[in-house]
Amino acid sequence: MTQTAPSPFREGIRDGIPIALGYFAVSFTLGIAARNAGLNAFQGFLASILNLASAGEYAGFALIALSAPYWEVALVTAITNARYLLMSAALSQKFSPKATLLQRLSVGYAVTDEIFGITMARPGALEPRYNYGAMAVAMPAWAVGTALGVVVGNILPLRAVSALSVALYGMFLAVIIPPARKSRVVAGLVGLSFAASYAAGVLPVVSGWSEGTRVILLTLLLAGGAAALFPVREEDGDGQ
């Protein structure tokens with residue numbers, strides 16, 4: 001009896017579960033920030049389900065706590081989340097020409113660092129149903145974790161919340177290690193990215209920029225340099 005391969009949606013759920021666990025833990029601290037800004041549990045849930053970005057939400061909640069005007073909250077959130085424009089541009093190259101506008105918009109709704117990572121690691125064209133599966137478990141976990149953080153986040157010790165968030169780092173390692181083991185170029189870029197990210201966080205001037213700005217700058221420099229020095233031939237890139 002032949003065994004059928006799992007559907008892309010089920011594969012997305014499987015790969016999205018570690019992301020969901022990490023999101024649930026990390027969003028507890030986000031819920032504390034929302035509570036300090038005067039938001040209730042429902043408002044925290046709504047903010048997280050509509051804005052899937054930790055740095056952007058933290059910035060927004062900090063400005064809300066300072067009674068900043070709406071335009072300032074919107075502007076700072078947009079700037080903080082600007083790196084997702086680069087991720088969306090990369091994902092757009094993986095879509096099949098037959099992909100509909102609705103499919104592109106649906107995938108674009110949840111372009112988080114982690115979902116982007118597992119999607120780009122898959123060979124071949126982007127399968128929207130895979131993203132839907134990952135989104136189905138990751139997005140509710142992020143929003144529910146924020147709501148619970150508003151309610152009970154302050155009860156938990158900070159060390160306990162930090163320990164739970166280690167799941168995200170483990171997931172990131174699972175994304176980057178397999179391709180790094182197959183390619184010396186990728187392994188070198190991973191190591192260079194670590195070093196450059198650390199340097200950008202401590203160097204004068206650059207360290208004063210927002211995290212999103214530093215990520216955009218490093219992505220452009222490293223990805224652009226790698227593309228120029230080590231171009232991938234069409235036949236080597238699974239037709240992508």
Side-chain angles (χ1 to χ4, degrees), residues 1-28 45 48-54 81 83-146 164-183 185-187 189-190 193 215 219 223 226 232-240:
M1 182 177 179
T2 59
Q3 185 177 5
T4 59
S7 67
F9 184 81
R10 292 178 61 183
E11 289 182 333
I13 292 178
R14 178 199 64 197
D15 295 344
I17 288 176
I19 298 176
L21 294 175
Y23 280 1
F24 185 79
V26 172
S27 60
F28 256 82
F45 176 91
S48 283
I49 204 67
L50 295 177
N51 182 25
L52 306 171
S54 58
N81 294 338
R83 69 184 185 278
Y84 297 120
L85 293 174
L86 298 177
M87 298 181 191
S88 297
L91 284 176
S92 70
Q93 304 304 304
K94 285 181 66 72
F95 272 106
S96 166
K98 299 180 180 179
T100 65
L101 177 62
L102 180 59
Q103 289 176 324
R104 294 172 182 270
L105 291 175
S106 300
V107 170
Y109 173 64
V111 182
T112 66
D113 299 340
E114 296 76 22
I115 294 179
F116 171 81
I118 62 174
T119 301
M120 294 299 293
R122 284 174 63 86
L126 185 152
E127 171 53 71
R129 289 177 296 171
Y130 175 80
N131 287 66
Y132 301 158
M135 292 161 58
V137 291
M139 291 166 51
W142 180 254
V144 171
T146 303
L164 289 172
S165 65
V166 170
L168 274 182
Y169 296 99
M171 186 278 304
F172 267 125
L173 291 176
V175 169
I176 64 176
I177 287 179
R181 293 180 63 182
K182 295 179 181 179
S183 170
V185 173
V186 174
L189 285 173
V190 169
S193 298
V215 169
T219 301
V232 178
R233 296 193 303 270
E234 190 74 13
E235 59 269 22
D236 294 336
D238 297 322
Q240 300 172 38

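We number each residue from 1, following the sequence as shown.
The side-chain heavy atoms of Arg122 and Glu11, taken from C-beta on, include a pair separated by under 4.5 Å. Counting heavy atoms from C-beta outward, Phe45 and Val144 have side chains that approach closer than 4.5 Å.
Taking CG of Leu126 as the start and CD of Gln93 as the end, the distance is 11.5 Å to the nearest 0.5 Å. The CD1 atom of Ile49 lies 4.5 Å from the CE atom of Met139; values are rounded to the nearest 0.5 Å. The line from OG1 of Thr112 to CE of Met87 is 8.0 Å long, rounded to the nearest 0.5 Å. Ile19 contributes atom CD1, which lies 3.5 Å from atom CD1 of Ile118 (distance to the nearest 0.5 angstrom). Atoms OG1 and OH, from Thr146 and Tyr23 in turn, are 11.5 Å apart once rounded to the nearest 0.5 Å.
Arg104 meets the side chain to side chain donor-acceptor pair (under 3.5 Å) test with no other residue; sequence neighbours excluded. Scanning for salt bridge (Lys or Arg N to Asp or Glu O under 4.0 Å) contacts around Arg14 gives an empty result, with sequence neighbours left out. Listed by chain and residue number, nothing satisfies the side chain to side chain donor-acceptor pair (under 3.5 Å) test with Ser27 (two or more places apart in sequence, or in another chain).
Closest heavy-atom contact between Ser88 and Val111: OG-CG2, 3.9 Å. Residues Asp113 and Tyr84 approach most closely at OD1-CE2, 3.3 Å, considering heavy atoms. Across every non-hydrogen atom of Ala53 and Asn81, the tightest pair is CB-OD1, 3.3 Å. Nearest heavy atom pair, residue Arg129 against residue Pro8, reads NH2-CG, 3.7 Å. Looking at every heavy atom in both residues, Ser106 comes nearest to Met135 through O-CE, 3.4 Å. Residue Tyr109 comes nearest to Leu52 through the heavy atom pair O-CD1, 3.8 Å, listed as atom of the first residue, atom of the second, then distance.
Of the candidates Leu102, Thr100, Val107, Pro128 forms a side chain to side chain contact (heavy atoms under 4.5 Å, CB included) with just one, namely Val107.
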